[in-house]
Amino acid sequence: MRTIYLDTAATTPALKSVVEEMLPYFSEEFANPSGSYDFSKTARQAIELSRRRIASLTGAAPEEIFFTSGGSEADNWAIKGAADFFEKNRRKIVTTPIEHHAVLNTADFLKNHGFTVEYLPVDKFGVVDLEAAENIIDSDTAVVSVMFANNEVGTIQPIEEISKTAHKHGALFHTDAVQAAGHVKIDVSEMGIDMLSASGHKFGAPKGIGFLYKKNGVEISSLIHGGSQEGGLRAGTENVPYIAAIGKAAEEAEKNMAAENIEIAGKRDCFVEMVLKGIAGSVLNGHPEKRLPSNANISFRGVEGKSVVSMLSMYGICVSAQSACASKSDSVSHVLSAMGLDFERARGAVRFTFGSGVRFEDLDYTVNCLERIIKNLRCLDS
Ligand SMILES: Cc1ncc(COP(=O)(O)O)c(C=O)c1O
């Protein structure tokens with residue numbers, strides 16, 4: 001059976017050019033980049049080339065890019081690092097209830113260590129309430145962390161407006177851009193972003209590599225103490241092959257983003273139209289326009305999203321009910337609940353996320369399978 005992969009928000013395959021880029025650094029150019037002999041030069045240069053490529057993708061300066069093991073580490077570092085740095089003067093963390101658990105659980109950790117955590121409410125589309133931001137962010141706030149785009153419903157936030165409010169009160173602004181980086185245009189300086197987290201495996205690099213952008217002049221504490229790598233802020237011998245890989249993926253993303261987004265959004269819109277027309281009681285979740293080009297989150301009334309996911313899997317179709325990390329929990333999505341969706345709609349949600357090259361015939365096949373599955377599940381339920 002052929003696999004039809006409609007879960008690019010969970011992860012993406014490493015691109016061929018990316019795999020080629022990383023290969024020399026395993027066995028030929030294996031030197032420790034910190035070595036003082038000439039042999040280390042090539043590894044060091046690979047790291048700096050990657051930093052420049054990521055800087056170009058994000059509108060940053062190369063020295064503002066710090067490599068991490070992925071998005072979770074970058075989120076932890078940004079928020080804990082800011083909280084620790086401001087420890088005595090600012091005791092509040094502001095975030096939203098729709099963040100990934102890498103942010104939510106970090107905020108909980110800080111709550112257990114005496115910080116106050118406040119959550120900015122979102123509307124029915126998952127957009128942060130800017131008026132509430134004006135009221136909640138204050139001079140006691142160390143860091144405001146609001147995701148760039150949501151991993152379940154794809155809604156893109158008004159990042160510039162929120163960062164302005166954070167800065168008015170002297171707070172740092174961090175954004176978890178794990179779903180957005182490499183997929184939509186980001187300019188950290190134009191958007192007033194102090195820190196940004198990203199993860200390579202969401203845009204064509206392997207799993208286990210990411211980065212934190214930290215604006216020049218912004219001070220936060222280290223998360224990993226030890227050697228002097230990454231400007232003395234993130235210790236540990238650099239993962240050179242993976243660093244080379246994420247840089248190449250960033251270069252590919254910058255080159256291909258515009259054309260790919262037109263292709264992907266076109267196919268996504270076509271899929272949504274077919275589903276909403278063909279299956280009664282189906283409804284799109286998230287913002288109708290301000291959303292990631294790849295995301296379609298659709299609720300099917302009267303069925304459980306998780307059952308739909310399991311049954312689609314029997315036809316070789318890969319989709320998610322919630323985010324990949326939350327899919328083992330029994331509750332309905334915390335994102336859809338925070339958006340105020342009723343229980344039945346939240347329970348029936350399925351996330352379809354598309355990559356470049358997905359075929360129309362696969363989308364037709366998926367819609368046919370969905371029609372059959374939803375009908376059967378509704379029969380079983382009644
Ligand atoms: C929005 C968001 N933040 C953080 C993460 C965690 O990233 P990583 O898997 O690289 O740790 C994910 C992964 O799904 C995500 O979607």
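For ligands, and for the atoms within them, numbers begin at 1 and follow the listed sequence.
- Annotation: cation-pi pair K80/F109 present, NZ/CZ under 6.0 Å from the ring centroid and within 45° of its normal.
- Each of the atoms 1 (C) of ligand 1 lies under 4.0 Å from some heavy atom of M147.
- Here is the list of ligand 1 atoms found below 4.0 Å of a heavy atom in D75: 3 (N), 4 (C).
- Using a 4.0 Å cut-off between heavy atoms, N150 makes no contact with ligand 1 at all.
- Atoms of ligand 1 found under 4.0 Å from any heavy atom of G70, numbered from 1 in the order shown, are 10 (O).
- Taking the ring axis of F354 as reference, the NZ or CZ atom of R268 does not stay both within 45° of it and closer than 6.0 Å to the ring centre.
- Proximity of E99 to ligand 1, defined as any heavy-atom pair under 4.0 Å, is not found for any part of the residue.
- For the pair K267 and F360, the cation sits on the ring face: its NZ or CZ lies under 6.0 Å from the ring centre, inside 45° of the axis.
- Counting heavy atoms closer than 4.0 Å to ligand 1, residue K207 contributes nothing at all.
- Inclusion of G71 in the set of residues having an N or O under 3.5 Å from an N or O of ligand 1 is warranted.
- Looking only at atom types and distance, the side chain of H169 has no donor-acceptor partner in the side chain of D140 under 3.5 Å away.
- Remark: ligand 1 atoms within the under-4.0 Å shell around heavy atoms of S199 are 8 (P), 10 (O).
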Counting only pairs under 3.5 Å, give me each side-chain donor-acceptor contact of residues 182-193, with atom names and distances, residues two or more places apart or in other chains.
unit_1, atom_1, unit_2, atom_2, d
H183, NE2, K202, O, 2.6
D187, OD1, S189, N, 3.1
D187, OD1, S189, OG, 3.0
D187, OD1, E190, N, 3.0

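- Using cut-offs of 30° and 60° on the angle between ring planes, the pair H334 and H101 is tilted.
- Where the criterion is an N or O separation shorter than 3.5 Å, residue side chain and backbone included, E73 fails it with respect to ligand 1.
- For the side-chain contact (heavy atoms from CB on, under 4.5 Å) test, residues two or more places apart in sequence or in another chain that qualify with L49 are E21, R52, R53.
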